[in-house]
Amino acid sequence: MAEVTLELKSLPKAEAYRQLAQHVRGVLDGVDDEITAMATMSCLVHHAFGHLWTGFYRVVTPGRLLRVGPYQGTLGCLEIAFGRGVCGAAAATGLTQVVEDVHAFPGHIACDGRSASEIVVPVFDRRGALIAVFDVDSERQGTFDGVDRDHLEALVGWFRGA
Ligand code: SME
């Protein structure tokens, strides 16, 4: 059955993302609900790699405020202002943030003290409006790099119809 979660962390990263993307696109085939897509991506990315926290902060007030969900992992902070922490930086700049060591990132918000590195990818809709950021946190330093950036940006391209 196609809808089970895949555990891919033993594979080379690019191959893991290739399989993951195929799985996500397959599960979302015919789906046009953004929350369903966010829940599906959070679940499949989280379990594929065994991350600490994986999920979305949605834009509830454009230019000002993000609110949590859907996500997988431990309790996330409920709201984050644009410009605050790594999520807020991604939202304010519209650019992916790859943070090797969260403790070295000014203003990092520690929802879970075990978080050591993270990546946050902005999510745009078909009209080019920022609708969310996709935040993935790891317990290990330096987990994320350009490979994660490229593949996670491609994954959330679903929201702009790519
Ligand atoms: N690490 C994020 C906060 C959100 S959580 O870790 C779930 C940040 O600094 O933006």
Side-chain angles (χ1 to χ4, degrees), residues 5 7-9 13 16-17 20-21 24 27-28 31 33-125 127-160:
T5 57
E7 206 255 59
L8 301 171
K9 63 185 168 209
K13 204 185 263 188
Y17 275 115
L20 183 61
V24 170
V27 173
L28 293 181
V31 171
D33 184 305
E34 288 178 348
I35 299 292
T36 300
M38 289 178 185
T40 300
M41 288 181 195
S42 299
C43 174
L44 294 182
V45 172
H46 189 76
H47 293 289
F49 294 103
H51 291 310
L52 179 65
W53 198 95
T54 309
F56 291 81
Y57 278 89
R58 289 166 296 107
V59 176
V60 290
T61 310
R64 291 188 175 274
L65 190 66
L66 302 164
R67 189 170 292 146
V68 77
Y71 71 92
Q72 299 262 324
T74 51
L75 184 66
C77 310
L78 299 190
E79 294 184 337
I80 297 177
F82 275 54
R84 275 204 65 214
V86 186
C87 291
T93 61
L95 298 171
T96 296
Q97 309 289 309
V98 178
V99 180
E100 287 189 17
D101 175 4
V102 295
H103 304 295
F105 190 94
H108 167 252
I109 304 162
C111 299
D112 185 321
R114 292 172 297 170
S115 177
S117 63
E118 70 179 276
I119 182 167
V120 183
V121 181
V123 180
F124 300 97
D125 68 9
R127 291 169 304 167
L130 181 78
I131 56 167
V133 298
F134 186 41
D135 177 11
V136 187
D137 295 0
S138 167
E139 284 182 74
R140 287 174 294 110
Q141 281 194 6
T143 295
F144 306 104
D145 56 23
V147 176
D148 300 274
R149 184 193 57 225
D150 292 350
H151 287 88
L152 292 175
E153 287 179 353
L155 199 69
V156 302
W158 184 92
F159 296 93
R160 56 178 165 76

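Nothing here was measured: the structure is a model prediction, and the numbers come from that model.
- Partners of Cys111 under the disulfide (SG to SG under 2.5 Å) rule, at least two apart in sequence or in another chain, are Cys77.
- Note on residues 35-48: pairs passing side chain to side chain donor-acceptor pair (under 3.5 Å), not counting sequence neighbours, are Asp33-Thr36, His46-Thr54, His47-Gln72.
- With contacts defined as side-chain heavy-atom distances shorter than 4.5 Å, the pair Val60/Leu66 does not qualify.
- Note on residues 81-103: no pairs pass salt bridge (Lys or Arg N to Asp or Glu O under 4.0 Å), not counting sequence neighbours.
- In this structure, Ala37 and Trp158 approach most closely via the heavy-atom pair CB-CZ3, 3.3 Å.
- The salt bridge (Lys or Arg N to Asp or Glu O under 4.0 Å) check on Arg149 picks up nothing, with sequence neighbours excluded.
- For residues 59-70, the salt bridge (Lys or Arg N to Asp or Glu O under 4.0 Å) pairs, not counting sequence neighbours, are Arg67-Glu79.
- Minimum interatomic distance between Ala21 and Leu155 (heavy atoms only, all atoms of both residues): CA-CD1, 4.0 Å.
- A 4.5 Å side-chain heavy-atom check between Phe56 and Glu34 finds every atom pair outside the cut-off.
- The two residues Ala92 and Gly83 come nearest to each other via the heavy atoms CB-N, 3.9 Å.
- Residue pairs satisfying the ring pair (Phe, Tyr, Trp, His ring centres under 6.0 Å) criterion with at least one member in residues 66-96, sequence neighbours excluded, are listed as follows: Trp53-Tyr71.
- Shortest non-hydrogen contact noted between Leu20 and Ala48 is CD1-CB, 4.0 Å.
- Evaluation of the ring-ring contact (aromatic ring centres under 6.0 Å, His included) rule for His151 yields Tyr17 as partners, not counting sequence neighbours.
- With sequence neighbours excluded, the residues that form a side-chain hydrogen bond (donor to acceptor under 3.5 Å, both in side chains) with Lys13 are Asp145, Asp148.
- Contact annotation: the side chain of Leu52 never approaches that of Glu118 to less than 4.5 Å [non-hydrogen atoms, C-beta and beyond].
- Contacts classified as salt bridge (Lys or Arg N to Asp or Glu O under 4.0 Å) and involving residues 35-45 (residues at least two apart or in different chains) are not found.
- For residues 53-62, the set of pairs meeting the salt bridge (Lys or Arg N to Asp or Glu O under 4.0 Å) definition, not counting sequence neighbours, is empty.
- The two residues Val120 and Ala90 make their nearest non-hydrogen contact at CG1-CB, 3.5 Å.
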Side-chain donor-acceptor pairs under 3.5 Å in residues 130-142, sequence neighbours left out?
residue: Ser138; atom: OG; partner: Arg140; partner atom: N; Å: 3.0
residue: Ser138; atom: OG; partner: Arg140; partner atom: O; Å: 3.2
residue: Ser138; atom: OG; partner: Thr143; partner atom: OG1; Å: 2.6

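- Among residue pairs with one or both ends in residues 94-116, none qualify as ring pair (Phe, Tyr, Trp, His ring centres under 6.0 Å); sequence neighbours excluded.
- In terms of heavy-atom proximity, His51 sits nearest to Val45 at CD2-O, 3.8 Å.
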